[in-house]
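Reviewing the structure listed below.
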Amino acid sequence: MEREHFKSTFGVLVAMAGSAIGLGNLWRFPYMVGVYGGAAFIFVYIILVFLLCLPILFSEVIVGRRSHTNAFIAFERLAPGSAWKWTGILMVATPILVVSYYSVIGGWSLEYLFKACTFSFTQGATRDELGTIFNSFITSTWTPIIWHTVFLLLTAAVILGGVNKGIEKFGKVMMPLLFLTVIAIAVRSVTLPGAGEGLVYLFKPDFSKITPEVCAAALGQGFFSLSVGFGIMLTYGSYTRKEANIALNSTWTAVADLMFALIASCAIMPAVFAFGLNPQEGPGLVFETLPFLFANMPLGGFVAILFFLALLVAALTSSVSLFEVGVAWLVEEKHLSRKASTWIVFAVTWAIGVLCSLSFGRLSGISIFGNSIFNFLDKLSANWLMPLGALLIVIFTGWKMKKSDVIDEFTNGGTLRGNARLSGFIYFLIRWLAPVAILIIFLSNLL
Ligand code: PFF
């Protein structure tokens with residue numbers, strides 16, 4: 001059977017960027033910057049993105065296009081009968097796990113979009129009041145579960161539209177809109193009186209703050225943000241046409257993803273400093289701090305709507321990509337219909353998500369290795385499964401696949417001259433630097 005392809009190169013780019021750009025950029029990156037010391041974290045992050053995450057992204061897309069199938073069977077197909085097939089299971093199970101808790105935060109952004117639409121942030125509420133509103137929302141039982149359900153239903157609706165119609169059309173309209181919105185908020189934020197201190201915090205690194213822990217956190221964030229180590233980009237790679245330039249698409253994705261993260265930080269941190277708030281707020285940063293900013297700026301009510309709409313759209317395009325891996329597996333491996341597959345993935349992720357959502361309230365007493373259910377899943381994926389998946393992918397590409405095949409994919413059979421010139425260096429990064437560096441950082445998580 002002929003697999004579906006994205007219609008255009010732009011379509012692939014939009015889908016890859018859509019997967020990469022999400023809550024990871026607008027919610028996770030700014031709070032990680034705050035927790036891990038500002039500019040020093042950003043400095044390490046940028047280096048790791050280009051030296052490690054990008055070669056891993058190349059690897060995933062190469063394996064996907066070469067094997068022409070989804071993450072589950074790709075390894076089996078390229079290395080038949082070997083233990084590599086177990087890698088495939090990791091590549092399908094991990095995205096299902098991630099989309100389960102991702103959709104809980106997606107649900108939070110729906111609730112906040114709803115709050116913004118009813119102009120709840122414009123009534124001059126104090127910082128403490130907004131904090132209380134946030135806490136009572138996430139610890140309650142039903143409302144977050146309802147929003148989590150709505151978010152997953154929206155994701156399923158896009159998935160049912162099919163690869164071309166759903167993901168491509170959705171992404172093409174929404175991503176540029178999202179970009180403009182975040183820029184607009186950043187402009188507002190950096191022009192607030194007292195915002196300069198926030199810019200210094202973001203862009204003047206204090207190198208003494210770079211520790212192994214900061215490097216590990218930055219790498220985990222890089223994987224999460226670029227959607228690598230998961231089989232997501234591998235699946236998109238399998239939808240990529242022969243003529244597409246893998247390196248160019250991947251590099252654009254990384255650059256766009258980085259720009260989003262930086263602009264999101266410029267939208268958030270200067271405001272945090274201008275209002276004398278705490279940058280080390282943690283995961284609540286976007287939801288607790290920004291409403292305060294919106295409540296205290298001209299036209300804040302409208303900016304709030306735009307922002308939470310943007311957050312929702314970014315979250316949706318990413319969750320669609322996570323969801324798609326499981327669906328592609330059920331369709332191609334288990335020969336189920338796309339519709340049935342979608343509802344099966346929906347049911348599983350919904351159930352796990354409900355547990356995650358309840359872990360902020362009713363189930364907060366349950367601890368797994370000292371973490372709540374939600375934190376456990378987040379840590380399990382960012383600190384363990386993603387580095388593991390990424391490590392396996394680069395080892396597979398650098399050591400198991402034939403070098404000539406890898407270079408062939410990277411250069412489209414030698415026709416892409418620019419890529420051909422870089423291919424030796426990239427191959428070195430994939431074969432040597434990436435595995436060694438991931439291993440070191442991975443092991444540092446153990447200590
Ligand atoms: N990259 C997405 C984000 O930054 O929000 C989240 C994500 C999507 C992570 C897909 C992992 C993934 F495979």
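Position 1 is the first residue of the sequence, and the numbers go up from there. Computed over heavy atoms, backbone and side chain alike; hydrogens, waters and symmetry mates excluded. Counting starts at 1 for both ligands and their atoms, in listed order.
- Residue Ser225 has at least one N or O atom closer than 3.5 Å to an N or O atom of ligand 1.
- Put simply, the residue from Phe260, Phe29, Tyr45 that forms a side-chain contact (heavy atoms from CB on, under 4.5 Å) with Ser225 is Tyr45.
- Of the charged side-chain nitrogens involved, at least one lies within less than 4.0 Å of a carboxylate oxygen, so that Lys242 and Glu409 count as a salt-bridged pair.
- Here the shortest heavy-atom pairing between Gly353 and Val104 reads O-CG2, 3.4 Å.
- No side-chain N or O of Asn412 forms a donor-acceptor pair with one of Asn245 less than 3.5 Å apart.
- Close contacts of ligand 1 with Gly24, meaning ligand atoms under 4.0 Å from a residue heavy atom, involve 3 (C), 4 (O), 5 (O).
- Considering only non-hydrogen protein atoms, atom 4 (O) of ligand 1 sits nearest to Ala20 O, 2.9 Å.
- For atom 1 (N) of ligand 1, the closest heavy atom belonging to the protein is Phe224 O, 2.7 Å.
- Shortest contact from atom 8 (C) of ligand 1 to any protein heavy atom: Ser227 OG, 3.3 Å.
- Summary of contacts: the protein heavy atom closest to atom 12 (C) of ligand 1 is Leu322 CD2, 3.3 Å.
- Of the N and O atoms on the side chains of Ser227 and Tyr236, not one donor lies less than 3.5 Å from an acceptor on the other residue.
- Evaluation of the side chain to side chain donor-acceptor pair (under 3.5 Å) rule for Ser109 yields no partner, not counting sequence neighbours.
- Taking any N or O of Leu23, backbone or side chain, at least one lies under 3.5 Å from an N or O belonging to ligand 1.
- Among protein heavy atoms, the minimum distance from atom 13 (F) of ligand 1 is reached at Ile232 CG1, 2.8 Å.
- Distance alone, capped at 3.5 Å, places no donor-acceptor pair between the Ser364 side chain and the Phe360 backbone.
- Within the 3.5 Å criterion, the main-chain N or O of Asp257 finds a donor-acceptor partner in the side chain of Asn25.
- Against a heavy-atom cut-off of under 4.0 Å, Asn25 is close to the following atoms of ligand 1: 4 (O).
- Distances below 4.0 Å separate heavy atoms of Ser19 from the following atoms of ligand 1: 1 (N), 2 (C), 8 (C), 10 (C).
- Of all protein heavy atoms, the one closest to atom 5 (O) of ligand 1 is Tyr102 OH, 2.5 Å.
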